[in-house]
Number of protein chains: 2
Amino acid sequence: MPRGAEKRQPKYQRIAAALKDGIASGLYGPGDRLPGESDLMATYGVARMTARQAFAALQAEGLVEPRKGAGVFVREFKVGIRRRGIQRLAVEVWSAGGSIWAADGTGHDPVVEFLGVAEEPAPGAVAQALGVPVGAAVLVRRRKFLLDGRPVMLATSYLDAALAAGTPIAEPDTGPGGVYARLAELGRKPVRFREEVRSRMPAPEEAKALALGPGTPVVLVCRTAFDADRRVVEVNEMALDSAAYVLEYEFDAV
Amino acid sequence: MPRGAEKRQPKYQRIAAALKDGIASGLYGPGDRLPGESDLMATYGVARMTARQAFAALQAEGLVEPRKGAGVFVREFKVGIRRRGIQRLAVEVWSAGGSIWAADGTGHDPVVEFLGVAEEPAPGAVAQALGVPVGAAVLVRRRKFLLDGRPVMLATSYLDAALAAGTPIAEPDTGPGGVYARLAELGRKPVRFREEVRSRMPAPEEAKALALGPGTPVVLVCRTAFDADRRVVEVNEMALDSAAYVLEYEFDAV
DNA sequence: GAGTGGTCTAGACCACCAA
DNA sequence: TGGTGGTCTAGACCACTCT
């Protein structure tokens with residue numbers, strides 16, 4: 001084999017690969033502390049910035065998490081919330097006054113932190129979906145969901161202000177069955193839903209609000225609710241901690 | 001207010017924020033070149049590593065993309081593929097010999113790069129789902145999908161080898177309607193699907209195979225296909241370029 | 001108080017790209 | 001060929017955590 005043809009790989013990548021092996025092999029388990037920067041400097045005979053680059057590569061993959069003053073630790077993944085996209089929105093769930101979350105099978109409901117409700121001018125895409133003029137007032141409800149004290153989702157719900165103003169929908173607590181039950185009482189019962197799912201890296205504000213470690217993407221779910229006349233009654237934009245969620249959609253082939 | 005209480009923000013974050021403003025305001029549009037490292041050093045009077053840290057922060061958000069020898073450029077997002085999770089798997093699509101992708105509305109089918117088919121011992125989770133003993137031979141089909149020459153998805157399909165071996169399913173080209181049409185001919189027609197959706201940062205191999213820039217997550221879709229007896233006939237694990245895809249699920253509330 | 005990671009400096013050599 | 005980003009060194013001071 002040709003001499004010196006394969007050896008070209010940056011030092012920091014070799015160090016990162018070695019650490020990754022240690023994680024994969026179980027030498028370092030979830031929550032364990034990895035060798036520190038000075039350990040790597042001594043072990044591999046490199047400068048500190050090189051050791052830091054190795055850690056940066058692992059952070060970018062979301063495998064490790066540095067803690068100031070303590071060390072670098074193997075990520076512990078949160079318990080997955082299994083979000084059953086279709087069953088959870090079945091009419092009987094919310095029409096019976098139940099929480100949509102009960103269908104998610106976590107065993108216990110999350111804490112909802114209410115961040116506010118307000119009338120605001122509609123963003124372009126939302127206005128178009130709701131069928132109101134761009135800039136028209138829409139009711140905006142913002143909430144944060146926490147499970148075991150950890151934030152897992154941010155949700156922003158948009159409704160036609162002409163429809164929802166003055167109803168319990170504009171209150172912090174919308175009552176049993178939530179917004180959908182109230183919409184049904186207003187004669188605008190949601191009968192069909194569309195969820196669009198995307199993913200990207202979080203903006204710094206999102207990372208802070210969800211307490212995301214480096215290398216953790218957010219999953220964006222945009223749900224549109226339709227009534228029997230195919231009119232849009234709600235648009236709900238959610239940002240989920242990708243380390244906390246599995247989205248499940250189960251359906252028949254016809 | 002307390003003196004000196006607010007001014008504490010690292011230089012590299014201030015520089016990153018200034019660049020981000022430039023992107024948000026349209027000063028730097030998609031594909032534009034940003035000021036280089038030496039520009040930042042001169043403009044802000046910082047060392048090179050500090051300027052690089054600022055760029056690293058933007059890369060982690062997936063906003064910019066460095067090109068060796070050329071500069072740092074604002075990311076251009078790919079055209080979104082709208083993947084209609086439910087309609088695309090309707091029986092009539094593949095039973096008529098059509099491509100599942102035709103329902104995705106991109107206007108043109110992707111190129112499929114066949115990476116191989118083989119019998120391999122089943123990974124634990126797959127074996128359990130397929131109802132075969134752990135380590136039993138399963139048929140594994142690996143493919144890469146490209147749109148306009150760019151890779152957008154990796155797919156690994158698992159089937160019971162006892163069922164699929166010796167059939168067109170074990171061939172590179174499975175014929176009109178694909179694997180599902182062949183399963184139907186074998187009396188194991190898929191009638192129900194479950195898709196589980198996750199997201200995380202890619203491993204280096206995935207990033208390379210999908211030509212992902214830094215700061216681009218992958219969306220993982222694990223599809224399980226059931227026949228009329230609720231037996232699992234296929235498990236398909238897919239890794240999607242999150243910058244190329246929007247997943248859509250539309251369903252009734254009952 | 002000792003050790004950790006966070007930030008920052010001031011240099012260096014290299015491979016790659018564009019003019 | 002000149003400028004770009006990629007890698008790397010050898011120091012420095014700081015805030016924080018742990019004990």
key: Polar pair under 3.5 Å, donor/acceptor by atom type, side chain B:Arg48, base D:dT7   = yes

Which whole-number value in Å describes the distance from [X] [atom1] to [N] [atom2]?
X       : N      : atom1 : atom2 : answer
B:Glu65 : D:dT4  : CD    : C1'   : 15 Å
A:Met49 : D:dG5  : CE    : P     : 17 Å
A:Met41 : C:dG3  : CE    : P     : 14 Å
B:Leu40 : D:dT4  : CG    : C1'   : 13 Å
B:Arg52 : C:dA10 : CZ    : C1'   : 15 Å
A:Glu37 : D:dG11 : CD    : P     : 17 Å
B:Arg33 : D:dG3  : CZ    : P     : 12 Å
B:Lys11 : D:dC13 : NZ    : C1'   : 12 Å

Heavy-atom donor-acceptor pair, B:Glu206 side chain to B:Ala203 backbone, under 3.5 Å = yes

request  = Could you tell me whether the phosphate oxygens of C:dT7, OP1 or OP2, come under 4.0 Å of any side-chain nitrogen or oxygen in B:Thr50?
outcome  = no

query = Would you say a side-chain N or O of A:Ser38 is under 4.0 Å from OP1 or OP2 of C:dG3?
reply = no

query = Below 4.0 angstrom, N of the basic side chain to O of the carboxylate: do A:Arg52 and A:Glu37 qualify?
reply = yes

inquiry  = Using the salt bridge (Lys or Arg N to Asp or Glu O under 4.0 Å) definition, which of the options A:Glu120, A:Glu113, A:Glu237 pairs with A:Arg142?
reply    = A:Glu120

key: Pairwise side-chain contact, A:Val46 with A:Tyr12, heavy-atom cut-off 4.5 Å (strictly under)   = no

request  = Hey, could you give me the CZ/CG distance between A:Arg198 and B:Leu247, rounded to the nearest 0.5 Å?
outcome  = 9.5 Å

task = Could you tell me whether B:Tyr12 contacts a base, only the sugar-phosphate backbone, or nothing, with contacts defined as non-hydrogen atoms closer than 4.0 Å?
result = sugar-phosphate

request  = Say whether B:Arg141 and B:Thr174, considering side chains only, have a donor N or O and an acceptor N or O under 3.5 Å apart.
outcome  = no

request  = Would you mind building the protein contact string for nucleotides 14-19 of chain C? One character per nucleotide, 5' to 3', B for base within reach (heavy atoms under 4.0 Å), S for sugar-phosphate only, - for untouched.
outcome  = --BB--

task = Could you please name the option among D:dG5, C:dG6, D:dT7 that lies closest to any side-chain atom of B:Val72?
result = D:dG5

query = Which atom names give the shortest non-hydrogen contact between A:Val117 and A:Ala170, and what distance separates them?
reply = CG1-O, 3.3 Å

